[in-house]
Every structure is written in C-alpha cells, then in structure tokens.
Visitor: 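This structure is in structure tokens; I'll ask about it shortly.
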Amino acid sequence: MKRKVNQQKSQHRWRRKLFAAVLLGFCLASLMLMQSRYSRIVKLASLRYRFTPKPKIAFLFIARNRLPLDIVWHAFLQGEEDRFSIFVHSRPGFVLNKATTRSFYFLNRQVNDSVQVDWGEASMIEAERILLKHALEHPFNERFVFLSDSCLPLYNFSYTYDYIMSTSTSFVDSFADTKQGRYNPKMDPIIPVHNWRKGSQWVVLSRKHAEVVVKDNTVFPTFQLHCKRRSLPEFWRDRPLPVDASKEHNCIPDEHYVQTLLAQEGLEEEITRRSLTHSSWDLSSSKDRERRGWHPVTYKYSDATPMLIQSIKDIDNIHYETENRIEWCSSKGKPSRCFLFARKFTRPAALRLLNHSALGASGYNL
C-alpha cells in the first residue's frame with residue numbers, strides 16, 4: 001500500500017515536471033516567434049522607409065541649345081538621384097544626346113514642345129510655363145528652381161536641398177516697381193498698378209505656386225498683349241518704325257510676370273522676397289545710359305577665382321532701393337548666406353572653379 005502511494009507521488013512529480021518543461025518550451029517558442037516577427041516588421045519598415053520616394057527639387061534650365069556647364073552640374077548632382085529631376089527648355093528641335101552633353105543626367109531631358117525664345121519677349125515666360133507644366137506631372141517634385149545655362153551651384157547638393165526644403169515658402173525676388181515706363185496702363189483693370197511688381201526671373205517655387213503659374217489664364221495673356229520691350233534701333237529694320245520711341249513702354253515680361261501674378265492672387269505672404277541666384281549687374285559697359293544695367297556681368301576664366309565665389313557666399317543681405325528695404329537672409333530661423341547659385345559664368349570659368357574645388361562639388365566621374 002505504501003509503495004503504491006509512493007508510485008503515485010512519483011508519477012505526479014513527473015507529470016508536473018513534464019508540464020513545466022512543455023510550458024517552458026511553449027514560452028521559448030512564442031518568444032522566438034515574436035522576436036522573428038518583430039525583426040521582420042522592423043526590416044519591412046526599414047525597407048518601406050528606404051523606398052518611400054523623397055520630395056524632389058525640379059531643376060528647370062532655360063538654354064539656347066546645349067548646357068555649357070553640364071560637367072559642373074554633374075559633379076553637383078552625383079549620388080543624389082532620388083532627390084532631384086531635370087527639365088531643359090532649348091530651341092525647338094534640339095536634342096540632348098551623347099553628342100551634345102557629357103553628363104548622363106541631361107540625356108533626353110529636353111521638353112518636346114519648346115518655343116523659340118527671344119530676349120525681352122513673352123516667349124520667355126511661355127518657356128517657363130512649359131517647363132513647370134512638365135515638372136508638375138511628376139508628383140514628388142515639391143520645389144521648382146529656374147536656372148539659366150550660365151548658372152552654377154555655389155554649395156554641395158545636401159546644403160542646397162536642405163536650404164530650399166527647410167521652408168514652405170517660395171523664393172521670389174519681388175518689389176514694387178516705381179519707375180515710369182514699365183507698367184502699361186492698358187493692363188488696367190485686369191492688372192491694376194498697385195499689383196505691379198518687378199524682380200529676377202530666377203525664382204524657386206513651391207508646388208502650390210507652380211500650379212498657380214501653369215493654371216493662369218488671365219495675367220499671361222495680358223502680358224502677351226501689353227508687356228513688350230521697347231523697340232531698339234537695331235531691330236527697326238525688321239519692324240515698323242515707332243512714332244515716338246521715347247513714349248514706348250519698356251516692359252520686360254520675365255522681370256515682372258511671376259511677381260505680379262502672385263501679387264494678383266494675394267499670395268505675397270507665402271513668399272520669401274528674394275532670389276537665391278546671384279547676378280552682378282553691369283552698370284558701365286553701355287554708352288547708352290538707358291541700357292546700363294540691362295545685362296549681368298559675364299565672368300570669364302581670368303575672373304573665376306575662389307575669392308570671387310567667397311565674396312558671393314559672404315553676402316547676407318540685399319538692399320531694395322525702391323522700397324528702402326533691406327532683406328536680411330535667413331534659413332531655418334537663423335541668419336544665413338543669401339545665394340545658392342550664381343551667374344553668368346563661361347564654361348572655362350566654371351571648369352576652373354570646379355578644378356579649384358571652390359564650388360562645394362567634390363569632383364566627378366563621367
């Protein structure tokens with residue numbers, strides 16, 4: 001009888017141990033399964049983050065034909081393929097292929113519906129609208145930077161990207177134009193004089209403001225009709241002689257269009273009123289006083305020194321004489337340099353700066 005009781009106790013202990021072992025095994029298996037699932041979730045989240053498209057900057061180049069500074073831009077863009085896109089407006093029929101560009105970033109990036117652009121004509125702002133139309137077809141393009149074929153970047157891509165993306169505003173050089181002769185009274189009442197603005201065409205637009213430009217069907221047609229540059233003597237052989245050239249309105253459309261349109265739409269509170277592209281205006285090259293300051297200085301090989309670039313980078317404020325206003329430059333709420341790009345540079349000048357590592361672009365592999 002006693003032996004039977006001991007056997008029963010032994011069986012109970014064995015069962016408890018077996019139950020404990022099974023329970024421990026189940027807990028360990030559950031823990032391993034949870035850890036495996038957690039690792040998979042972390043991995044999937046990491047992959048999802050890695051492959052989630054990043055907001056892009058669309059670089060919009062207005063060029064005559066090819067892009068003479070393509071090598072400089074190649075160095076600037078290298079390794080940042082998921083954060084930018086490129087669109088180029090050249091003369092109709094021009095193609096960017098291996099014969100016309102040394103950078104694969106620009107291959108076939110020309111728009112297929114370009115127009116012939118003439119300086120001082122509405123065709124320039126038509127080209128801008130065409131570029132924006134194409135760039136807006138890509139949903140991840142969030143900023144739209146207009147550049148000329150003689151523009152170069154002053155800093156590396158990361159600094160430029162963070163500077164532009166750190167604010168929701170557009171960068172639009174815009175001020176009240178008080179000089180007589182630019183505003184044509186025939187624009188009134190569609191464009192009243194109190195909305196008339198002037199500034200640089202080299203703007204950086206948010207997606208919202210880019211859509212405003214493309215959808216505009218009021219200001220642009222008015223500019224086509226009434227904003228024209230003054231007839232210059234060298235062109236009189238191709239056009240009827242003006243009755244009195246001194247009474248013509250000398251309206252340069254690309255210096256007024258975006259600024260005036262945003263004023264018309266009541267969007268000036270959504271812009272930073274300065275350009276990110278530096279130009280040095282030539283005030284002495286023309287014998288004609290009225291033409292002085294019409295064109296920016298072109299920097300040649302001998303001008304292209306690290307000191308020149310540093311002097312541009314050191315600019316931290318802009319003075320607007322007509323408004324008696326000083327625009328102090330800032331980024332992320334802190335004082336900053338004003339300019340990210342500069343023009344006009346010849347190809348030899350730009351290559352010299354690149355070779356001296358003066359631009360913040362650290363070499364290139366073509």
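Quick caveat: nothing in here was measured; it's all calculated off a predicted structure. If you read the sequence from its start, that first residue is 1, and numbering goes on from there.
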Visitor: To the closest 0.5 Å, what do you measure between NE2 (His89) and CG (Leu131)?
Guide: 6.0 Å
Visitor: Could you check whether any side-chain N or O of Ser206 sits under 3.5 Å from a backbone N or O of Ser168, counting only pairs where one atom can act as donor and the other as acceptor?
Guide: no
Visitor: Between Trp73 and Phe106 (judged by ring centroids, cut-off 6.0 Å), do the two rings come close enough to count as a pair?
Guide: no
Visitor: Distance to the ring centre below 6.0 angstrom and angle to the axis at most 45 degrees; does that hold for Arg197 and Phe175?
Guide: no
Visitor: Mind telling me whether Tyr183 and Trp196 have parallel, tilted or perpendicular rings, with 30° and 60° as the class edges?
Guide: perpendicular
Visitor: Take the angle between the ring planes of Phe223 and Tyr257 and call it parallel below 30°, perpendicular above 60°, tilted in between.
Guide: perpendicular
Visitor: Test of understanding: clusters of I, L, V, M, F, W, Y form through side-chain heavy atoms closer than 4.5 Å, transitively. Do Val95 and Ile62 belong to the same one?
Guide: no
Visitor: Are the side chains of Cys251 and His256 in touch, meaning some heavy atoms are under 4.5 Å apart?
Guide: yes
Visitor: Phe84 pairs by ring pair (Phe, Tyr, Trp, His ring centres under 6.0 Å) with which of Tyr161, Phe140, Tyr105?
Guide: Tyr105
Visitor: Are Leu340 and Trp328 joined in one hydrophobic group, where the rule is that I, L, V, M, F, W and Y side chains link up if heavy atoms are under 4.5 Å apart?
Guide: no
Visitor: Determine the sole option in Arg274, Lys198, Arg273 for which the side chain to side chain contact (heavy atoms under 4.5 Å, CB included) test with Tyr320 is passed.
Guide: Arg274
Visitor: Please lay out, stage by stage, how Ser148 and Gln201 fare under the test side-chain contact (heavy atoms from CB on, under 4.5 Å).
Guide: CA-CA 10 Å; Ser148 77; Gln201 76 176 103; over 6 Å; no
Visitor: If we count only N and O atoms by modelled type, under 3.5 Å, do the side chains of Asn65 and Arg91 hold a donor and an acceptor together?
Guide: yes
Visitor: Could you tell me whether Arg229 and Asp254 make a salt bridge, using a distance below 4.0 angstrom between a side-chain N and a carboxylate O?
Guide: no
Visitor: Taking atom types as modelled, is there a side-chain donor on Ser170 or His209 under 3.5 Å from an acceptor on the other?
Guide: yes
Visitor: Less than 4.0 angstrom from a charged side-chain N to a carboxylate O is my criterion; do Lys133 and Glu137 meet it?
Guide: no
Visitor: When rounded to the nearest 0.5 angstrom, what distance separates NZ in Lys344 from SG in Cys151?
Guide: 10.0 Å
Visitor: Using a 4.5 Å cut-off on heavy atoms from C-beta on, say whether the side chain of Val172 contacts that of Leu205.
Guide: yes
Visitor: Is the gap between the ring centers of Phe59 and Trp202 under 6.0 Å?
Guide: no
Visitor: Does CG belonging to Asp314 count more than 12 external heavy atoms closer than 6.0 Å?
Guide: yes
Visitor: Strictly by modelled atom types, are Thr101 and Ser103 linked by a side-chain donor-acceptor pair under 3.5 Å?
Guide: no
Visitor: Can you tell which of Asp216, Thr218, Thr222, Asn195 makes a side chain to side chain donor-acceptor pair (under 3.5 Å) with Gln264?
Guide: Asn195
Visitor: Within the structure provided, determine whether Met124 and Ile252 are in side-chain contact (heavy-atom separation under 4.5 Å).
Guide: no
